[in-house]
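What follows is a short report on a single structure.
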Amino acid sequence: MCYTKVMRFEKVYEPQDTEAKIYALWEASGVFKAGGRAHEHEIDGDKTEAGKQPRETWSTVMPPPNANGNLHIGHGFEMGLKDILARHYRLYGRDVVYIPGADHAGFETWVVYERALEHIDKTRFDFSREELYQQVWDFVANTRHNMEIQIRMLGISCDWNALTFTLDPKVVNTVYDTFRHLWADGLIYRGHKIASFCPQHQTSFADIEITHKEEKGTMWDIAYPIVGGDISATDDIPREIVISTTRPETLLGDTAVAVNPADERYKDYIGLEVKLPLTDRLIPIIADDYVDMSFGTGAVKITPAHDANDFGVGERHSLDDISVIGVDGKMTNEAGEAYAGMVAAEARTKVIEDLEEQELLRGKREIVHTVGHCYKCGSVIQPLLSDQWFIKVRPLAERAAKALENDEIAFYPQNKKNELLAYFNELRDWNISRQIPWGIAIPAFQNVDDESDWIFDSRVTEESIEVDGKKYKRDEDTFDTWFSSGQWPFIVTDYPVYAESSPEAEATSQSLVKYYPNSVMECGTDLLRPWVAKMIMLGLYATDKVPFKEVYFHGMVQDEHGKKMSKSKGNVISPLEVIAEYGADAFRLGVTMNRSAGQAQAFSKSSVIAGRNLCNKLWNMARFVQDKVGEDYGEDWMGADAGNKRDDVNIEGEHEETPVTELDLRNPAEHWVVAELNEAREELEKLLADYRFAESVELVYNTIWHKVADWFIEAEKTAINPPVMAYVLEQCLKLAHPFMPFVTETIWQSLSWTDDLLADEKWGDHAIHDNKKRAEFGKIMKLVEEIRFVEANIPEHKQKDKLIFGDDLLIAENAEMIRGLAKLDEVRPLKDKEQKKLDDGESIGLRLANSERVAWLDIDEKTIERYGSNLRKRVEETRGEIAQLETRLENEAYVAKAPAELVEESKAILELKRDILNRLLRELGE
RNA sequence: GGGUUGUUAGCUCAGUUGGCUAGAGCAUCUCGUUUACACCGAGAGGGUCGGGGGUUCGAGUCCCUCACAACCCACCA
């Protein structure tokens, strides 16, 4: 492995020039592999060696992005967040794995392929399942690795060796295992019931795949003539029953009319028969509680084959079901000659016309109702009676709910737990079969002589098989993609399922078993129900464990104006375009800043710009440090040939960074910066443990820019101390690396004294500071700020001032630093004659009163007067603050009830403010 | 019809358990070529925290209520 020094410090950081090279470096090194490079060289040694404890693991899996698609901004966000965590925990020496995935995207890809078929005037029905599968496979082959390249562009530190494709054999095998176990446990059944069909795609959907939209529609009142019965005896009761419907075409499949048993209006009708309009059939009038008396006419047509509720009614009353609409959305032969072959919408018009002709239409009104649509093509969903595979979901959902109630999984934000609980509590049986060929074939075969005889068999490539002398025909359906991806965490870690063998027995050196359950699942709120819920249910079922210990939901990234991004609106922002313009680090920072868990928020370009600026700032800081430290820096501990050694991996584990033990902190600024960096690191650890990403970015930004660059580097310019500068830079790079990996690594590779990879660095020991010295720098900062304030507030004041100090050791010891920071002409002690003037009560300049220092700026009286008005403003402010504090402390209830420290603090601040006021007044000569 | 979340500076958003002067980035204004950085430095302006009420010594934060917005769920024909 060769890390040739290819990087040079250009004036401006150009991410486009280096990102790909840096990623290649990482990937080749093996740092992203499960456990990192620890097992490859001696850093952590052999785990079996006595005394060595296995490192604590940290793991996460990627929601597999569509293998053939392009990453969208949500992917970039989600992967960026996980990458922050992965890199962060590597820095802490954890045994980390971030497992990538690639999704065959069953339905999505199928839709695209079907469209391509249309172009060559073919349909799916022209081919066998195998042919179609192979064709789709070839169709997507050339774009198969599209998104993998894009993940690299984002700098994601995932273990490519662990990459799992959703059609990999191990996925299929485990999915079959699960299916078989569910079957054996009686949780799989072949359901003859209403399923939601998309007539365009000719497949059924799960409830969750249907989008409901409010739409205007028409409700028709239709008269069904009553046949027979003795109701004719009374003339005032009409010989018809009027029902209301929005879907008159389904009337052809009616097998009853229902009324509420408690409905006085229809009491006498129950048990009678009506003639179903447009047909010759007689259907009964039945009573069922399901009917809402207050809605419409209080009488409902019952079409068991085309409405889920009606199906239920039909079951209760043993009604026939007649399918009048087929899977293609067209009327079937059952609908009668006049309608067969028409699409449902046409049939509706014709039915209305025919009813009108027969004078059976009694009313018509416009209403707004909700209609289910295909989430992909927008077609109106047809509820059709069909045979599908279902999972009895109650036992799974109840177990999952219990795990949630027992807090086995922590949720960020917390309220998502309740949302999920509500979902588990209302979840109904899950249709897991799909009528598309691109997916995992369902391993089930049906006895050709006995429709009800289904067997499990994984020989899905055989169209028919023979078992015990009986011939079986395979099911042509495939699994719902969520059924397989719901098993993702234990599939990708090869975790032994159904307790067939112990996890310990399975664990080999290459095994990822120890990474299950995952430390965290991080994904968008949109995946709560379709994915996270399924993973919890199936994870518990297959492994007896929750699949992850914590779940973090990020909110959806909207466009710059807070609108949902969608292709149809044309407001989609591509992460790749952002990266091309600003770099991957800037993208990652920008998208992470200003966000909180679970909250949908607008994409903010200005945040990306802020991120870009930070990269540049850090870059230039590094250039400066390298320049001051010199090319030879580090030779004394790396050996004289250090410069040449850069060309090889430093596998001897020698010092690759500034040895902390050799650090000699020489001035207050150095003590201060060391303390600030130590605190930032501790704070960062806490923030990330709570998944407070935005605040973490802010912390890093603020530390690097407003602490290290603005104060430490500026202070250091007056007294260069190479080891400390180098150390501070290294700490900054480590602090920032999880958030902006490319620029920090590029810098690491460009510095003369660092070696190996920043991505494989650990937080080592940190330097020790002296608190008193640190506090001194705080005082120096206050003084400098006051000087800057004074100078900025004197109109037309351009000269460089001198600072004169009296009996003030702090200024005396740090005169040069203060001069540099405040851009003063000179900092010098009081001269005798000035002391005399002071003794005589004369002015020697502007007394700096706000910072508790004995010091003056040599400004003449006229200038001081000009400054006076500003000073008076400050006096007023201070008086206001004092008044506020006094009022608070005079409030007996406050003093009695507020915590003692708070009261003490208030008192202390009051003292300080009074002191400041006195000085200000003195400055003004009042 | 139910449920959830939100409404804080011009814009995009932070603000964990109520604690005193509400923060950041970007934008704006003034000044500044100074040993890295104009993708820069120094300084400044800008908020009655959606309206109203309540609890509390103290409310952006808790409670009630109203308004508006977004999202999710739902079998009303």
Side-chain angles (χ1 to χ4, degrees), chain A residues 9 11-13 194 207 212 219 243-247 250 258 290-292 294-297 299-303 307-312 369-370 383 413 415-416 418-419 422-423 426 525-526 528-529 555-556 558 560-564 582 586 590 593-596 598-628 687 690 692 694-695 697-698 701-702 709-710 713-714 717-718 720 785 788-789 791-793 797-798 820 822-823 877 880-881 884-885 888 891-899 902 905-906 909:
Chain A
F9 276 129
K11 192 171 178 189
V12 171
Y13 172 59
I194 296 287
D207 296 340
H212 293 271
M219 174 107 85
I243 56 90
S244 301
T245 183
T246 52
R247 303 176 62 210
T250 62
Y290 149 71
V291 182
D292 179 353
S294 62
F295 191 90
T297 59
V300 191
K301 64 193 272 306
I302 300 297
T303 326
D307 183 283
N309 291 310
D310 292 7
F311 183 76
H369 61 152
T370 52
N415 65 313
K416 293 292 169 198
N418 294 332
E419 208 175 317
Y423 179 68
E426 73 193 13
T525 47
D526 57 333
L528 178 82
R529 288 179 174 81
M556 298 293 97
Q558 300 162 326
E560 289 193 71
H561 307 287
K563 294 278 179 294
K564 204 171 168 177
Y582 299 102
M593 260 185 244
N594 293 340
R595 273 166 200 289
S596 53
Q599 215 50 56
Q601 273 143 12
F603 173 80
S604 157
K605 194 170 166 180
S606 65
S607 296
V608 175
I609 290 173
R612 190 268 321 260
N613 294 352
L614 179 64
C615 292
N616 188 245
K617 188 74 187 178
L618 187 59
W619 178 257
N620 281 293
M621 216 168 87
R623 276 176 64 209
F624 182 74
V625 171
Q626 176 70 73
D627 185 48
K628 291 300 164 197
L687 287 172
D690 280 340
R692 305 190 75 85
E695 281 157 83
V697 170
E698 211 173 296
Y701 187 103
N702 190 44
D710 287 352
I713 296 283
E714 291 305 316
K717 281 178 181 173
T718 56
I720 301 291
E785 278 172 342
R788 286 174 181 169
F789 177 86
E791 294 189 331
N793 281 283
H797 186 70
K798 293 225 160 57
K823 308 289 176 209
E877 278 170 18
E881 285 164 5
Q884 208 175 352
L885 284 162
R888 190 178 306 146
N891 182 344
E892 281 170 33
Y894 172 73
V895 179
K897 291 186 184 174
L902 214 63
E905 200 186 313
S906 298
I909 296 171

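Order of the sequence lines fixes the chain letters, A, B, ..., with proteins taken first and strands second; residue numbering starts at 1 for each chain.
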Q. If we take the P atom in both B:G15 and B:A9, what is their distance in whole Å?
A. 15 Å
Q) Charged N to carboxylate O below 4.0 Å: is that the case for A:E714 and A:K717? A) yes
**Q.** Pairwise P distance for B:A36 and B:G10, with rounding to whole Å
**A.** 37 Å
(Q) At 4.0 Å (heavy atoms only), tell me whether A:R612 reaches a base, stays on the sugar-phosphate, or touches nothing. (A) base
Q) When all nucleic acid strands are considered with a 4.0 Å heavy-atom cut-off, which category describes A:D710: base, sugar-phosphate, or nothing? A) sugar-phosphate
Q.
Could you tell me how far B:A24 sits from B:C71 if I compare only their P atoms? Round to whole Å.
A. 32 Å
Q: Quote, to the nearest angstrom, the P distance that separates B:C31 from B:A22.
A: 29 Å
Q | d(CZ, A:R623; P, B:U35) in whole Å | A | 14 Å
Q: Indicate, with a heavy-atom threshold strictly under 4.0 Å, whether A:D310 touches base, sugar-phosphate, or nothing.
A: nothing
(Q) Taking only side-chain N and O atoms of A:R692, does any of them lie within less than 4.0 angstrom of OP1 or OP2 on B:G15? (A) yes
Q: For A:T297, report the nucleic acid contact type (base, sugar-phosphate, nothing); a contact means any heavy atom under 4.0 Å.
A: nothing
Q | Atom pair distance, as rounded to whole Å: CG in A:N620 and P in B:U34 | A | 18 Å
Q: In whole angstrom, give me the gap between the P atoms of B:C62 and B:G18.
A: 9 Å
**Q.** Residue whose nearest RNA chain B nucleotide is more 5′ - A:E785 or A:Y894
**A.** A:Y894
Q. Where each residue is assigned the nucleotide of RNA chain B containing its nearest heavy atom, which of A:E426 and A:S596 is assigned the position nearer the 5′ end?
A. A:S596
Q) Hey, is the side chain of A:K605 poking within less than 4.0 Å of OP1 or OP2 on B:U12, counting only N and O atoms? A) no
Q. Are OP1 or OP2 of B:G41 and a side-chain N or O of A:K617 less than 4.0 angstrom apart?
A. yes
(Q) Within the supplied structure, the quantity of interest is the number of heavy atoms (other residues, nucleotides, ligands) at a distance under 6.0 Å from A:K416 NZ; does it exceed 12? (A) yes
Q: Answer with base, sugar-phosphate or nothing: what part of the nucleic acid does A:E905 contact at a heavy-atom distance below 4.0 Å?
A: nothing
(Q) Base, sugar-phosphate or nothing for A:A694? Non-hydrogen atoms, less than 4.0 Å. (A) nothing
Q. Do any side-chain nitrogens or oxygens of A:N613 fall under 4.0 Å of OP1 or OP2 in B:C26?
A. yes
**Q.** Between B:U12 and B:U34 - P atom distance, rounded Å
**A.** 39 Å
Q) Is there a side-chain polar atom (N or O) of A:K564 under 4.0 Å from OP1 or OP2 of B:A69? A) no
Q: Look at the side-chain N and O atoms of A:T370 and state whether any lies under 4.0 Å from the OP1 or OP2 oxygen of B:C76.
A: yes
**Q.** Euclidean distance for C1', B:C40 against B:G50 (whole angstrom)
**A.** 39 Å
Q) Which part of the nucleic acid, if any, lies within contact of A:K628, taking any heavy atom under 4.0 Å across all strands shown: a base, the sugar-phosphate backbone alone, or nothing? A) base
Q.
Just the rounded figure in Å: distance from C1' of B:C37 to CG of A:L618.
A. 11 Å
Q.
Using a heavy-atom cut-off of 4.0 Å across all strands, would you classify A:P383 as base, sugar-phosphate, or nothing?
A. nothing
Q. Does A:Q599 have a side-chain nitrogen or oxygen under 4.0 Å from the phosphate oxygens OP1 or OP2 of B:C13?
A. no
Q.
So, OP1 or OP2 of B:A77: does either fall under 4.0 Å of a side-chain N or O from A:N309?
A. no
**Q.** Distance, P atom - from B:U5 to B:U61, rounded to whole angstrom
**A.** 16 Å
(Q) Reading 5' to 3' and counting Watson-Crick or G-U wobble pairs with both distances under 3.5 Å, write the dot-bracket notation for RNA chain B, | for bases paired outside the strand. (A) (((((((..((((.....[...)))).(((((.......))))).....(((((..]....))))))))))))....
Q) What integer distance in Å separates A:E560:CD from B:A27:C1'? A) 13 Å
